[in-house]
Amino acid sequence: MRRGTWMVAAGVLAAALLVGCGSSSSSSSSGGGSASNASSNKSPVVIGTSLSLSGDFSADGQAFQKGYQLWASDVNKAGGLLGHPVKLDVVSDASSPAQVVTNYQKLISSDHAKLVFGPFSTLLTVPASKVVNRYGYAFVEGAGGAPAAFGNGLHNIFDVSLPVIDNLVPFAKWVASLPASERPKTAAYATSDDPFTQPQIPLAQNIMSAAGIKTVYSKVFPAEVTDYAPIATAVASSKADAVVLGSVDVPTVSAFVHAFIQQHYSPKVFIATAGPDQGAAFLKAAGGAKNAEGIMYPNGWYPGYANAQSQKLVSEYVAKYGGTPADVNADVAEAYSVGQAIAQAVAATHSLDNPKIISYLHSGVTLNSVQGPVKFNAQGENGQAAAFVFQWQKGNQVQVLPVGASGSKPPLIPKPNWGS
Amino acid sequence: MSASSLAKAVVDGILTGGVYALMAAGLTLIFGVMDIINIAQGALIVLGAYMSYVLSVHLGIDLFVGLIITIPAFFVLGVAIEWAFMRRLREQDRTAMSILVTYAVAIIIEGLLSVIFGVDYLQLRASYVDSTFHILGFYLPYIYVFGFLLAIGLLGVLYWILYRTHFGRGVRGSLQNRTAAELIGVNVNRVRAVSVGIGVAVTAAGGMVFGATNAFNPSSGYDLISRLLSIVILAGLGSIAGALVAALFMVTLEDVVAVVWSPVWATLVYYASLIVVLSFRPGGLFGSAAVRAQ
Amino acid sequence: MRLRPPARALLVATAVAILGVFPLIFSSPTSTSIAVFTLIFMVAACAWNMFAGSSGYIALGHAVYFGCGAYTLTLLANHLGFAAGWGVFALVPVAGIVAGLIAVPTGLIALRARRHTFVVITIAFMFIFQLAAFNLGFTGGSSGLQPPTPLWSVDTYNLNFYYVTAVVLLATFVLTWLVRRSRFGLQLLSIRDDEERARGLGVRVARVKLSAFVLSAIPVGMVGGIYAYFLGQIFPQFAFDPLFDLSIALMAFIGGLGTLVGPLLGALVLESLQQYFTVQYGSSQAYLIIYGALFLVVVLLLPRGVIPSLEELISRARAEPPEQGPEEPGRTADTIEAVR
Amino acid sequence: MSALIEAEGVGKAFGGLQALTDCSLSVAEGSVSGLIGPNGSGKTTLFNLMTGYERASRGEIRLGGESITRATPERVFALGVGRTFQITRLFFRLTVLENMLVATQRHEGWLRSVLRVAGSAAERVRALELLEFVGLSGLAARPAGELSYGQRKLLELATLLVADPAVLLLDEPTAGVNPTLINQLTERIRELNRAGKTFLVVEHNMEFVMGLCHQVTVLHQGRTLLTGTPEQVRADPAVLDAYLGGADDDDL
């Protein structure tokens, strides 16, 4: 018995170490793989970030890591920051706020990161921003756009992405402006109880109600639901013409899609705040392009975005990680934009000095990013962020709103029936 | 609030409840026989979903047909887990230490799945996942109906094993009184290994239905544990029929509250009603008085 | 462990000294940050064990008191207009008291049940409070709440939190020690071994259990408040976190359930190593596998927890013949004081 | 001699099962009384009712004339009724001495009970004396789980004595105990009885009962069949019938 225990224990340990050796070599915490391309022989500049590589936010966390790495390798190819090659220092926070607090202190004080990038999700961004603020570092992030992250009196936080609260505004205005024959008469609103989605829905609902679109269902559901069927069925039985879904991830949207299909309910307009932006991952869960057809989502970016830098990012992504352009999700671009904003600030100030970078970012300059122009307001939100609405059309993400904007194609309305 | 959407919520609750009963059945069997709280149950369900995914996507085997492979594989896995880890815990500290061990097992499974499959969400696909039939004014998805029938079928088999076979007598003996079972010649070690094997095997089926009705990734299992645990306790330890009734009751209640009142309060009502019922029936709905007497 | 009083006093003095000087020696913010979280979990595991370890009631809902402490401190600090700084720490005891008050009704209901039913009821309470925090207006819902953020420098920020938490830890440890050697503590242990018989010997079990439950909720509420203040943000899912419940139970189990120092050791090892490993190796793909495997190995090699297993080894090394009771295998060498 | 503890017309049903129908019993102060009956006749159930572990469906239990029908076990013990269990119940992970200290009845405030060390010097001395009395003083520091079966029975008895109860209800004190220890046990009971303690003993060991008890009550199928001296009981044909015709289902 005792010997058995030792044997099992030893076996477990040996197996774990084997696996560990096998795959830790493939894991990389430095994105500066092509640092040698940089002509410079200056000391590398360490940029630290904490990402959720495991746990609840792991899907987005890992996409963010790719975005940061692509940026790092691009910037190194271009000679680095002020001639210093960039060395990314990625640590994992396992989706835990306590860990994220420790991680940024470690990145700055022990790893001597000169600059830091934000983590994934508002839930982790807020505690992280306070730590980083203590060090006087600029905290540029791409995925902490909920109102909770701003207005805390912090001067150092900058979100390169679209402020979450305005996400649905172009959509709501467009719906309101449709000719009466096409305009939905009724709308259903269902949203996850989450700081990311919650603020967006009422704003959209106000605009649409003002245009005479009757609200036939409006409910909040818990962030962690194990059975979406009754909620989705209730939405379906409301027979609303338009569905506005406040979702944070793929499983939520996919659950609604499947339930709607099962209920033979196909709204004329269907928009979900997050999930459909996840490219191929969304298609996999939703059950293919036919089911995705016509689904809309608001975002600042999509793989087909008509922007030279963005196109380059997509092709680099495909070259490095394989797949098709549709596999590139918006997290990658959000992360990449963070790097771009920092790089421009460094170039403009000719320094890696955080206070200078902060005041530069607050100076009202307009920066370029793969997501379009970036201009920070007093709170650090990107007031210039392009607010787009995209739609899945024939397996591709297509920019449809704002109507008439460069790159916009006509939206598919009404959304075709499932699978047709 | 129309009567039909209420009726639909009840039907949804019953169908989904069947799936939960299937996922909880393995837990209740292991819990009852071994006094082990299997925290890894959620991870095993997700593992089952991934196995069905591999079989259906890479080998083109139908989800239900694939169970012919996954259920025996999971049986072996269960026996191995029992032999390697659970058996080594001492009687006295077993319940407490089992939480530690199975938690570690859950972490390892999550880690392996992330390495192999990545963390993107998947959902099982088959022609019947999205198709429905029309009955009594509702659309019923085939997958839920098939899942429910599978649950009833497998629970029936479990019930038959427990109440109609020699082995089942041994299991029930070990449930009620370990020492006495040993005295009348039950090989308790073997009964335990086989029980865990069966418990895990059933979980493979639960995982398949879960994967066909939900999008999942390697860390999806954690949200399930507290729910399954509450079903098992509400049912009464080791009671298969109880697990079915408890799952149907709880999920239906939750679905009805979600439709009638609000989804955000539905889960709260779920847990509150759990507390109320258990306050009056501490042994669970189908628990024997033995639990109380201890 | 059964040490002689002088040896024990020396051990305690050394531990307190290490606690005092640790952040001065390992002064990097990484280590002090890990240390603050570790102390928070040490308090929680120690307090939890005072109830659960002594009475045998495995409560998996102490996150209720952690979260209530966190919300109490944050709400009071914001509504009473506390300036960020030392003043907010005055609310830490209040957070503990509120948590203790909430433990009275929840404990009354949960403690009517036993064993597994009790476990599940405590879990259910945890989810009820989490969902209430999501849905009630004054909690800020899913956007959470932010307590004032102290404007301390990088060098002192962690230190201030460290020492406040260390004081709470000392107080909690003294409390558990007092309880352990008291008549009340003996009654708790008798409930763990045989509740029915304890009643037959005049132990007012309902009162004893509830008192211990409430007592254990207070320090948990206090560190909940500290946690919210330290993080500067509180969200429902992190204030009322099922993983918190699992963690403190795991810490107590791995250190030795029901022992005086086991949970402290368990929390010290588990929380600090977990944070360290995650920050150090978390970006490796195999991180979870290795972490889980190491965990398994520890549990399999020390199947009763560190302290009891060590005691067993020591007593075996002293070459005492193993004495086995007819029905209870193994030496039951709890750290309970025997006759002096 | 007046009745110290008595049951009158007591009945108890578990679900549909009538464990006790009509049961009356009276234990005179200063006596050693026996309670016998075939398995399943309701002896242990009666004990449970008398000590507050179960609530009687009908009838009344009195201690010194006061009703204790609805009292809790804690209360019953505080009033001076101690009991042992059919299967010995001890605090197996506590030491023998600690087992003795649990029963100490001291009326003190909640805060004092938390802050004061368990067992004052006087209580420890008293506990050790009682352990001496049952011959276990050498094992005081051992975990109770290490004791032999007979030693456990003795310890269980000793733990009750700490609180100096007026009545002791013993449930099968000799079951599984070797003859030497039975003699020791008999001696101790006699000694305590001389010192004024009242006993009610459930027993299958007829030799033990007949040798020890002043009065014996026979239970059959949930009813009291008769009460009398050991000689009367032995001679009654109804008792023999009860035993011969007794069902062999489990004791309730």
Side-chain angles (χ1 to χ4, degrees), chain B residues 31 35 37 39 84-85 88-97 99-101 103-115 179 218-219 222-223 225-227 229-230 232-234 237 262 264-268 270-276 278-279 281-284 287 291-294, chain C residues 52-53 56 58 60 106 109-110 112-132 134-135 141 195-196 242-243 245-246 249-250 252-254 257 285-300 302-305 308 327-330 332:
Chain B
F31 204 163
D35 236 5
I37 300 182
I39 300 281
F85 308 126
R88 275 147 232 291
L89 303 175
R90 294 193 209 188
E91 202 78 37
Q92 246 179 305
D93 331 280
R94 181 176 298 134
T95 309
M97 298 314 277
I99 298 181
L100 287 174
V101 170
Y103 178 62
V105 170
I107 292 176
I108 294 174
I109 293 176
E110 185 195 348
L112 284 171
L113 291 176
S114 322
V115 169
T179 330
S219 44
Y222 293 100
D223 296 342
I225 299 163
S226 53
R227 246 152 211 283
L229 208 56
S230 53
V232 164
I233 298 298
L234 184 68
L237 279 188
S262 160
V264 278
W265 294 106
T267 316
L268 201 148
Y270 174 99
Y271 284 109
S273 62
L274 180 72
I275 291 177
V276 170
L278 287 178
S279 294
R281 284 194 70 91
V291 178
R292 241 182 306 173
Q294 288 191 16
Chain C
I58 306 301
L60 287 184
T106 48
I109 296 169
R112 290 179 42 166
R114 292 196 195 165
R115 288 169 59 82
H116 313 113
T117 306
F118 172 80
V119 176
V120 165
I121 289 184
T122 56
I123 294 175
F125 268 122
M126 205 288 305
F127 281 105
I128 287 177
F129 274 77
Q130 188 200 69
L131 291 160
F134 267 116
N135 297 339
E195 180 163 349
E196 286 309 314
L243 270 184
D245 293 318
L246 197 57
L250 293 181
F253 290 155
I254 219 163
L257 187 65
Q285 284 199 312
Y287 157 72
L288 279 176
I289 304 173
I290 294 175
Y291 177 69
L294 281 175
F295 203 99
L296 252 184
V297 170
V298 172
V299 177
L300 290 177
L302 302 171
R304 307 184 53 206
E327 276 172 30
E328 294 273 318
T332 39

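Naming: A, B, ... by sequence-line order, numbering from 1 per chain.
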Inset, instruction - Answer with side chain, backbone, both or neither: which region of B:L100 has an atom nearer than 4.5 Å to a non-hydrogen atom of chain C? - result: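 Contact with chain C: backbone and side chain both.
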Legend entry - Under 4.5 Å from a heavy atom of chain C, the part of B:I39 involved: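 For B:I39, the side chain is the part near chain C, not the backbone.
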Considering only heavy atoms and a distance below 4.5 Å, find which of [options] pairs most often with chain B.
{"options": "C:F134, C:F118, C:F125", "value": "C:F125"}
{"options": "C:F253, C:F295, C:F129", "value": "C:F253"}
{"options": "C:I254, C:N135, C:L246, C:V299", "value": "C:N135"}

Do [X] and [Y] have side chains that get closer than 4.5 Å, going by heavy atoms?
{"X": "C:L131", "Y": "B:V264", "answer": "no"}
{"X": "B:L268", "Y": "B:W265", "answer": "yes"}
{"X": "B:Y271", "Y": "B:I275", "answer": "no"}
{"X": "C:T122", "Y": "C:D245", "answer": "no"}

Legend entry - chain C interface, residue from B:S262, B:S226, B:S230 that has the most non-hydrogen pairs under 4.5 Å: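 Among B:S262, B:S226, B:S230, the one with the most close pairs to chain C is B:S226.
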Legend entry - Test applied, side chain to side chain contact (heavy atoms under 4.5 Å, CB included); reference residue, C:L294; option that passes from C:L296, C:I290, C:V298: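 Single pass found, and it is C:I290.
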Inset, instruction - Would you mind checking which part of C:L250 comes under 4.5 Å of any heavy atom in chain B, side chain (CB onward), backbone (N, CA, C, O), both or neither? - result: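 Interface part for C:L250: both.
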Legend entry - Cation-pi check, B:R227 onto B:Y270 ring (under 6.0 Å, within 45° of axis): yes
